[in-house]
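Structure first, then comments.
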Amino acid sequence: MDFQPTRDQRDLRAGVRELLAGRYGRDALRAAVDAGSAVDRELWRELGAAGFFALRLPEAEGGVGLGLPEAVLVFEEAGRALLPGPLVATHLAAGAVPGAAAGTAVVTAYDLGERGGPLVSYLAEADAVLGAARLPPGEPVRSADPLTPLHRVTGGGPADVSAYREAGALLTAALQVGSALRTLELAVRYAGEREQFGQPIGAFQAVKHLCAGMLVRAEVARTSVYAAAVTAQAAGAADGEAAEAAEVAGEIAAAKLLADEAAVRNARDCLQVHGGMGFTWEADVHLHLKRSWVRAEQWVTAAAAEELLAEELSRIATGGEPR
């Protein structure tokens, strides 16, 4: 079986990268940070017109009719560009919430853990909450990421998003992979440009080891995300049994765990390569680190992923019955 992306998939990824480079390059990112504007409605509609949110919606329903393997490629590029907004929730809402597929509606979700009450990202910018009948009231809370505003919901309980959790975790993992790959690029570029003792710092073994570790983490995570997408797509098409569903859940949990680690640790190592420059507001490294912290708490946390993996290993070890 060939797990390399097809030509159509490579073209899709290149098209999304070109779109985001033209509409949300570094200047646009920094302008959004300075202005505190988390969601650009015009860009949101452009993404909708390009099929970003309707990618997995059947053609008969006005969508593109592709699958999870293509979706993770697209979300990887969004993560690489540090594109803000409830991308995953709006994508999952396509076909369920009016306007989500076309990008005319911004949809968020109860995808974060509870810290004294359900936290919701982008609540003030959203038109709907996935699975909820209406927008709930909420109080702003401080967020680590300047482009991921958070609210603590003060009225009513969270909506049930269990049906979306696996796909949400996988797409969030793809965002994390994109960020991990981007911080790798930033570190390698800076290591080749910054000179110390008459040579680029990339010539020093300690810096080489940091960059090599970043590459390994990013590629392992990317491979895991791609494999989980292929497995989940095949299982969904075949409408498999409970054991197959458990296997898919385990693969997605592993992908999320690896992607979260790659995004967070690569951002930290990228900051280390940049040295004192990496700690400044002008550098983009801290934005990747802060976003990766928030994404690590979305859909499936590290603790939840470890529990899912333990259950799957137990099921395998006991011949199909969890201990």
Side-chain angles (χ1 to χ4, degrees), residues 19-48 52-53 75 77-91 93 97 99-100 103-113 115-130 132 135-155 171-172 175-176 178-179 182-183 186 263-264 267-268 270-271 274 277-299:
L19 170 65
L20 294 178
R23 283 294 283 110
Y24 202 77
R26 186 179 186 276
D27 290 343
L29 170 65
R30 300 306 306 210
V33 171
D34 293 340
S37 54
V39 176
D40 180 342
R41 289 277 182 164
E42 183 180 349
L43 175 57
W44 209 255
R45 288 190 292 270
E46 287 186 37
L47 291 172
F52 189 98
F53 302 118
F75 275 79
E77 291 304 316
R80 183 179 180 276
L82 265 187
L83 185 65
L87 299 165
V88 173
T90 304
H91 176 91
V97 176
T104 55
V106 176
V107 184
T108 187
Y110 288 95
D111 57 3
L112 286 161
R115 298 290 186 273
L119 293 178
V120 177
S121 59
Y122 305 103
L123 184 62
E125 292 80 8
D127 301 302
V129 177
L130 188 62
L135 280 174
E139 298 177 351
V141 296
R142 186 174 181 179
S143 174
D145 177 23
L147 291 180
T148 308
L150 298 176
H151 283 73
R152 177 172 290 115
V153 173
T154 55
L171 296 176
T172 303
L175 291 171
Q176 294 281 60
S179 180
R182 180 56 179 160
T183 50
L186 293 172
V264 172
R268 287 175 173 170
C270 181
L271 194 150
H274 278 72
M277 185 65 188
F279 286 90
T280 64
W281 184 257
E282 289 74 17
D284 294 340
V285 185
H286 71 95
L287 297 175
H288 281 275
L289 179 58
K290 293 168 181 175
R291 186 74 59 82
S292 68
W293 281 338
V294 175
R295 286 178 182 151
E297 297 299 317
Q298 290 182 304
W299 296 106

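Note that the structure is a prediction, hence the values are computed from the model and not measured. Numbers for residues simply follow the sequence, beginning at 1.
- Checked against the 6.0 Å centroid criterion, the rings of H91 and F75 qualify as a close aromatic pair.
- Here CG of L20 is found 9.5 Å from CZ of R80. Values are rounded to the nearest 0.5 Å.
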Can you list the steps and then say if W299 with V88 is a side chain to side chain contact (heavy atoms under 4.5 Å, CB included)? CA-CA 10 Å; W299 296 106; V88 173; 3.6 Å; yes
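- Pairing each heavy atom of P140 with each of H151, the nearest pair is N-CD2, 3.6 Å.
- No side-chain heavy atom of V120 sits under 4.5 Å from any side-chain heavy atom of L150.
- Annotation for A38 and P84: closest pair O-CG, 3.2 Å, computed over non-hydrogen atoms.
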For a side chain to side chain contact (heavy atoms under 4.5 Å, CB included) check, start with the C-alpha distance between S121 and Q298, then their side-chain angles and the critical distance, and finish with the verdict. CA-CA 10 Å; S121 59; Q298 290 182 304; 4.1 Å; yes
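- Between E125 atom CD and D40 atom CG the span is 12.0 Å, to the nearest 0.5 Å.
- A donor-acceptor pair is defined here as one N or O able to donate and one able to accept, closer than 3.5 Å; no such pair exists between the side chain of T108 and the backbone of A126.
- At least one donor-acceptor pair under 3.5 Å links the side chain of S292 to the backbone N or O of L289.
- Across all non-hydrogen atoms, the minimal contact from W281 to K290 is CZ3-NZ, 3.8 Å.
- Rounded to the nearest 0.5 angstrom, R23 CZ and L43 CG are separated by 5.0 Å.
- Counting only distance, with no hydrogens or angles, the side chain of Y24 and the backbone of L83 share no donor-acceptor pair below 3.5 Å.
- Going from atom CZ of R268 over to atom CG of L271 covers 10.0 Å, rounded to the nearest 0.5 Å.
- Of all heavy-atom pairs between L186 and C270, the closest is CB-SG, 3.9 Å.
- Between the Y122 side chain and the L147 main chain, a donor and an acceptor come within less than 3.5 Å of each other.
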Decide side chain to side chain contact (heavy atoms under 4.5 Å, CB included) for L287 and V33; before the verdict, give the C-alpha distance in whole Å, the side-chain angles of both, and the deciding distance to 0.1 Å. CA-CA 9 Å; L287 297 175; V33 171; 4.0 Å; yes
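- A heavy-atom distance below 4.5 Å is found between the side chains of P136 and L123.
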Would L47 and L87 satisfy side chain to side chain contact (heavy atoms under 4.5 Å, CB included), going step by step from the backbone distance to the final call? CA-CA 10 Å; L47 291 172; L87 299 165; 4.3 Å; yes
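- Listed for the S37 side chain is no donor-acceptor partner under 3.5 Å among the backbone atoms of V39.
- Not a single donor-acceptor pair under 3.5 Å links the side chain of S143 to the backbone N or O of P149.
- Between D127 and R41 there is a salt bridge, since a side-chain N of the basic residue sits under 4.0 Å from a carboxylate O of the acidic one.
- Contact detail for T90 and A105: the closest heavy-atom pair is CG2-O, 3.7 Å.
- At least one donor-acceptor pair under 3.5 Å links the side chain of R291 to the backbone N or O of L82.
- Remark: the H288 side chain and the S179 side chain contain an N/O donor-acceptor pair separated by less than 3.5 Å.
- Contact of the D284 side chain with the R30 side chain is registered, since non-hydrogen atoms from C-beta on lie closer than 4.5 Å.
- In this structure, the separation between NE2 on H274 and OG1 on T183 is 10.0 Å, given to the nearest 0.5 Å.
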